[in-house]
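So that the names make sense, note that chain A is the first sequence line, chain B the second, and so on, each numbered from 1.
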Number of protein chains: 2
Amino acid sequence: MMNTDYSRANLAEVLRGHGITPTHQRIEIAHALFSKMAHLSADQVLAIVNERHAETSKATVYNTLKLFVESGLVREVIVDPSKVFFDPNTDPHHHFYDIETGEITDIDAAKVSIAGLPELPPGKVAAGMDVIIRVKRAIA
Amino acid sequence: MMNTDYSRANLAEVLRGHGITPTHQRIEIAHALFSKMAHLSADQVLAIVNERHAETSKATVYNTLKLFVESGLVREVIVDPSKVFFDPNTDPHHHFYDIETGEITDIDAAKVSIAGLPELPPGKVAAGMDVIIRVKRAIA
DNA sequence: GCAGAGGTTAGACAGAGTCCAATTCTTATC
DNA sequence: GATAAGAATTGGACTCTGTCTAACCTCTGC
Ligand SMILES: [Mn+2]
Ligand SMILES: [Mn+2]
Ligand SMILES: [Zn+2]
Ligand SMILES: [Zn+2]
């Protein structure tokens, strides 16, 4: 989706390209997600963004993550009952989820084929599909 | 998994068969889940169980649902970021999830085939797979 | 520079879920 | 049927994630 240019200047351009006014806070939040390319919770984003000097509030982190999701910049991953993770990888893909460590790993959706799904309920349209493979440490 | 005998006496036997001491509260909670055969949140279970006369605490509902999950009597469904649902259907199956109404519908896993999944990460063993198809109302 | 829209903020609030020490129940044994 | 010991339940305090609000700030176009 983006190359490897995670400079603030380039991130600002990416935000503009999605119709988002690039503020300091939004750029820092985008930087946290895209430079780490990891599945981060809101709390983790808040911590990363305020590592050097506190400059972004909890409310702004939540507002911004929601905005990013709505504009397709990042994707929500719902695997843990206690918190949502935000995924800078918006290519179609699935996830391994380690139920012991919480680690989330991507699975390229292009290599996976799913057949035999029933028709959608009448009057309904698809909004997305999640495949989550829960794994745990093999017996020692 | 069970027939259609949702009598308290039979539910008590089912619990014993899973190594669970059948208390009044546990039997009522099992009754709520199996007689409705629906995906219920802890809060919904609490409300159902205390419909006639309050007799079960929130702590017991959570304790019991956890116990039922651990003993394989029910299954957790993690689709909504704000709460867990408990599923009395433990046959392999997937879910439609209406992101607008919250409605959850079962998809028989026997009819669905998934190919091309990568190998599990080294040292990991599968603990389950969830397929969630998020749907919404078709544009009016 | 000014105005107005849009963005940010602290902190109060809500809801799901956990924890604890005190109490009550279940069950095995007599 | 009574007893005793372990198991289960309980209210309520607590934690954590996420939302909301009203005041304040900042950016942009004029
Ligand atoms: Mn939760
Ligand atoms: Mn939540
Ligand atoms: Zn991912
Ligand atoms: Zn189900």
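Ring orientation note: the planes of A:H93 and A:H39 are tilted relative to one another, at an angle of 30° to 60°.
Side chain of A:R26, nearest nucleotide from C:dA16, C:dT27, C:dT8: C:dT8. The side chain of B:A42 has C:dG17 as its nearest neighbour among C:dT9, C:dG17, C:dT27. Of all nucleotides listed (C:dG7, D:dT9, C:dG17), C:dG7 comes nearest to the side chain of A:T23. Checking C:dT18, C:dT9, D:dT19 against every side-chain atom of B:Y62, the shortest atom distance belongs to C:dT18. With C:dG17, D:dT10, C:dT8 as the candidates, the nucleotide lying closest to the side chain of A:T64 is C:dT8. Closest to the side chain of B:T21, out of C:dT27, C:dT9, C:dA16, is C:dT27.
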Problem set entry | Pair B:D87-B:D106, side-chain contact (heavy atoms from CB on, under 4.5 Å): steps then yes or no | CA-CA 10 Å; B:D87 190 344; B:D106 284 349; 4.0 Å; yes
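Going from atom NZ of A:K83 over to atom P of D:dT15 covers 17 Å, rounded to whole Å. C:dA14 atom P lies 15 Å from atom CG of B:D43, rounded to whole Å. Note: CZ (A:F85) to C1' (D:dT17) measures 12 Å, nearest angstrom. Rounded to whole angstrom, the span from the CG atom of A:L46 across to the P atom of C:dA10 amounts to 10 Å. In this entry the distance linking NZ of B:K66 with C1' of C:dA16 reads 14 Å, nearest Å. What separates CG of A:L40 from C1' of D:dT17 is a distance of 16 Å, to the nearest Å. Summarising the geometry, the separation between CG on A:L65 and P on C:dG7 is reported as 15 Å, rounded to the nearest angstrom. Summarising the geometry, the separation between CD on B:E55 and P on C:dC25 is reported as 12 Å, rounded to the nearest angstrom.
Looking at A:D130 and B:R134, a side-chain N of the basic residue comes within less than 4.0 Å of a carboxylate O on the acidic one, giving a salt bridge. For B:D43 and B:K83, the salt-bridge test fails: no basic side-chain N is under 4.0 Å from an acidic carboxylate O. Between A:E103 and B:K124 there is a salt bridge, since at least one side-chain N of the basic residue sits less than 4.0 Å from a carboxylate O of the acidic one.
Side-chain N/O atoms of A:T60 include one lying less than 4.0 angstrom from OP1 or OP2 on C:dT9.
Note on A:S41: nothing from the nucleic acid sits closer than 4.0 angstrom, heavy atoms only. At the heavy-atom level, B:P22 lies under 4.0 Å from the strands shown only through sugar-phosphate atoms.
Toward the 5′ end of DNA chain C lies the nearest nucleotide of A:N63, the other residue of the pair B:A59 and A:N63 mapping further downstream. With DNA chain D read from its 5' end, the first of the two nearest nucleotides for B:Q25 and B:K58 is the one closest to B:Q25.
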